[in-house]
Amino acid sequence: MEYDEVIKKFGSFGNYQKRLYFVLFLPIIFNSFSSPVTNFLLGEQLHRCRVPGLPNDTFEIQNDYHKYLINLSIPLKADGDYEQCLVVKNGSLEKCTDWVYDRSMFTNTVNSQFNLVCDQKLMRSHAVMAYFIGTVVSTVVFLPLGDIVGRRYMVCISTSLTFIANIAMPFSTSVFMFSVCRFFDGFCGNCLYMASFIIAMEFVGPKHRIISGTCILLVYCLGEYILLLLGYFIRDWKWLQFTLAVPMVIPLIYWWPKVLPESPRWLISRQRYREALKILRYAAKVNKVELDESNCSNVNVGHDDGILKIIKELIRTPKLVIRSCIMLMNWFVISFIYYGLTINMGKLAGNLYVNFLVGVTVEGLGYLLCFVMNKTGRKPLHLTVMFGSGFGCLLSILPALFLDSSYTWLLVAFAMIGKFGISAAIGEIYIYTGELFPTVVRSFILGFCGVGARVGATLSPYIYHLADGRFGEALPLIIFGGSTIMVAALSIKLPETKGRKLLEKVKDAEHEDDISSDECEKEMFSTNEKLEYTSSESSQL
């Protein structure tokens, strides 16, 4: 008997699963803070060199005498603003070593505390990148342990370490210590999110996996709304980070098995039938159904043919190799643009908090497009959101070059179009990728593409350091748009998979156009396998 048949018998999405989802929503919300919080921790602050010999100097001009001292020591740039990195000392122009900051938006940030400006400006991106490096390392090193020690222990260990990393962060005494904390936040947070997602998916029947999986993405957006609210009222990075970290102690109760059970699917795969049966029996009791315990000892949970055989099968088929490269570029670009827009909201024109609010809203709307995939088809939806996102970003060049500063809202609007499309792409790319490849290589391809996504995310913090000025505001969006359109154009070569029987073996790819539609098989994959694989790779983007 298939594992999913067992799940169906005691309730696909009954009261037990709803309780479990409520418990697992906490780590999903906490994980949603991790990447976008850099908009507030490392928020943009105007600054200039401190006037030599004036210890009570402030960025704001206090009086005419203060303005006179500033004009005497700080040279003006061509645009009329004060020089940010140069100061006049003893009649000569020198690089300054002390700065004053605009406190109107943020009272204190990592940038102002550790002076990450001028020659040290690149350290901001290094600090952001540390988080994504952590996610890469966890994907390669830590996550495979989930199949050895179990999903529950992965959640518990990750929860504990995530709390430690976050509670230590506001006590950082250097940018290096801050970056180390960010690294472990990414390392543990990625494991926490992924293991939580897998447990949630493995407790839900096939019929409800699209809805429940999308709900998890929407809860992620809820966490971003909470972050925005806290970020608006708490303008000091230390207190904001401390406020975000303290509630992370709550999931430590997951160490109590009654609160968070192990995945029965994993237990059965390890022949630990007694433990799995105990959990399934309790779940059936909560769902008020009878469980046929005789079927739980011969459940089929799948078989892995081995990585070497998978690679050999793949490279022998040029069609699948080309398709793999196209999907790898898709995943890279989607992750690159999503995080490039998400963690750089403060660098867009306009108000950070308004931009962030709009960005989270369009992200949630993008996720909702997953529900129309069965009607539109995979390829049409994919091409629409990718081309739409690309052209939306490219159009940002219009207000940057041809309109005055009063039209900066238009640049933000085009960026939001880009984020809407790329958020929709995140929701559909897992399903489309899974349906494009045979069963024997499907899991490997999703992991392969996940590595590309992580590389894209790691590079995203640097994109806004390419240029300054009005054109500099649009240049990252132009790069986003150009790369998205290029990848979308390559994706035209991909086939439609809606209504087509799944490829089972590599040789099926050679005559896939002749494979007839099989509604029963299609339904099984569209509700079962595709989100099963989504769950195992869910945090790759």
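Here the structure is a predicted model, which means the values were calculated and not measured. We use all heavy atoms of the structure for the numbers below, so side chains are in, but hydrogens, waters and symmetry mates are not.
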| task | Can you see which heavy atom on Tyr101 is nearest to which on His47, and at what distance? | result | CD2-CB, 3.5 Å

| said: Ignoring hydrogens and geometry beyond distance, is a side-chain donor-acceptor pair present between Tyr220 and Glu224 at under 3.5 Å? | reply: no

| message | Between Phe25 and Leu222, is there a side-chain heavy-atom distance shorter than 4.5 Å? | response | no

| message | Does any part of the side chain of Met248, heavy atoms only, come nearer than 4.5 Å to the side chain of Thr159, both counted from C-beta? | response | no

| Which heavy atom of Pro251 sits nearest a heavy atom of Phe30, and at what distance? | CG-CE1, 3.6 Å

| query | Is the SG-SG separation for the cysteine pair Cys118 and Cys85 below 2.5 Å? | reply | yes

| query | Does Tyr338 reach the side chain of Glu363, with side-chain heavy atoms less than 4.5 Å apart? | reply | yes

| task | Return the minimal non-hydrogen interatomic distance between Gly418 and Cys393, and the atom names on each side. | result | CA-SG, 3.9 Å

| field | Where Phe106 and Thr109 come nearest, the two heavy atoms and their spacing | value | CB-CG2, 3.5 Å

| Under 3.5 Å: donor-acceptor pair, side chain of Asn190, backbone of Ser138 | no

| remark: With Asn166 as partner, the option from Leu244, Asp185, Leu161 fulfilling side-chain contact (heavy atoms from CB on, under 4.5 Å) is Asp185

| note | NZ of Lys67 to CG of Asp64, rounded to nearest 0.5 Å, is 7.5 Å

| Between Arg48 (side chain) and Val100 (backbone), is there a donor-acceptor pair under 3.5 Å? | no

| task | Without swapping roles, check the side chain of Trp99 against the backbone of Gln84 for a donor-acceptor pair under 3.5 Å. | result | yes

| said: Donor-acceptor pair, distance only, cut-off 3.5 Å: does the side chain of Ser73 make one with the backbone of Val87? | reply: no

| Where Ser32 and Gly223 come nearest, the two heavy atoms and their spacing | OG-CA, 3.1 Å

| request: Say whether Tyr353 and Asn39, considering side chains only, have a donor N or O and an acceptor N or O under 3.5 Å apart. | output: no

| said: I'd like to know if the side chain of Asn330 pairs up with that of His382 as donor and acceptor (distance under 3.5 Å, no hydrogens or angles considered). | reply: yes

| message | What verdict does the side-chain contact (heavy atoms from CB on, under 4.5 Å) test give for Leu436 and Leu494, after you've listed the backbone C-alpha separation in whole Å, the side-chain angles of each residue and the deciding distance to 0.1 Å? | response | CA-CA 8 Å; Leu436 283 171; Leu494 299 174; 4.2 Å; yes

| said: Are Phe356 and Phe40, when compared by the centres of their aromatic rings, separated by less than 6.0 Å? | reply: yes

| task | Show your working on side-chain contact (heavy atoms from CB on, under 4.5 Å) between Leu410 and Leu395 and close with a plain yes or no. | result | CA-CA 9 Å; Leu410 197 56; Leu395 287 173; over 6 Å; no

| What distance separates Asp81 CG from Leu76 CG, expressed to the nearest 0.5 Å? | 8.5 Å

| said: If you define the side chain from C-beta out and look only at heavy atoms, does anything of Met129 sit under 4.5 Å from Arg182? | reply: no

| query | Do Tyr339 and Phe132 make the cut of ring centroids closer than 6.0 angstrom? | reply | yes

| Checking Lys419 side chain against Val362 main chain: does a donor-acceptor pair fall under 3.5 Å? | no

| field | Test item: Tyr254 and Leu192 side chains (from C-beta on) under 4.5 Å apart, heavy atoms | value | no

| Under 3.5 Å: donor-acceptor pair, side chain of Asn111, backbone of Leu42 | yes

| Do we see a donor-acceptor contact under 3.5 Å between the side chains of Thr361 and Tyr225? | yes

| With side chains defined as the heavy atoms from C-beta onward, is the minimum distance between Leu459 and Phe332 less than 4.5 Å? | yes

| message | Taking Ile74's backbone N and O only, do any of them form a donor-acceptor pair with Glu83's side chain (distance below 3.5 Å, no angle check)? | response | no

| task | Using only heavy-atom distances, determine whether the side chains of Trp255 and Ser160 contain a donor-acceptor pair under 3.5 Å. | result | yes

| Arg103 and Ser112: CA distance, side-chain angles, deciding distance, side-chain contact (heavy atoms from CB on, under 4.5 Å) verdict | CA-CA 10 Å; Arg103 310 285 180 178; Ser112 59; 3.7 Å; yes

| message | To check you understand the geometry: which heavy-atom pair defines the closest contact between Leu116 and Arg124, and what is its length? | response | O-NE, 2.8 Å

| said: Can you confirm whether His126 sits close enough to Leu122 that some side-chain heavy atom of one is under 4.5 Å from a side-chain heavy atom of the other? | reply: yes

| request: Report yes or no: does Thr162 contribute a side-chain atom to a donor-acceptor pair with the main-chain N or O of Ser158 at less than 3.5 Å? | output: yes

| task | Check the pair Ile429 / Met327 against side-chain contact (heavy atoms from CB on, under 4.5 Å), numbers first and verdict last. | result | CA-CA 9 Å; Ile429 193 66; Met327 295 313 295; 3.4 Å; yes

| With Arg50, the side-chain hydrogen bond (donor to acceptor under 3.5 Å, both in side chains) member among Asp98, Asp57, Thr58 | Asp98

| When rounded to the nearest 0.5 angstrom, what distance separates CG in Leu240 from CG in Leu230? | 6.5 Å

| query | Is the NZ atom of Lys77 crowded by more than 12 outside heavy atoms at less than 6.0 Å? | reply | yes

| Euclidean distance, Leu341 CG relative to Ile422 CD1, rounded to 0.5 Å | 8.0 Å

| message | In the structure I gave you, are the side-chain heavy atoms of Phe420 and Ser389 within less than 4.5 Å of one another anywhere? | response | no

| query | To the nearest 0.5 Å, how far apart are SG in Cys188 and CG in Asn31? | reply | 11.0 Å

| request: Anything under 30° is parallel, anything over 60° is perpendicular, the rest tilted; go ahead and classify Phe187 against Phe183. | output: parallel

| field | Euclidean distance, Ser491 OG relative to Tyr432 OH, rounded to 0.5 Å | value | 7.0 Å

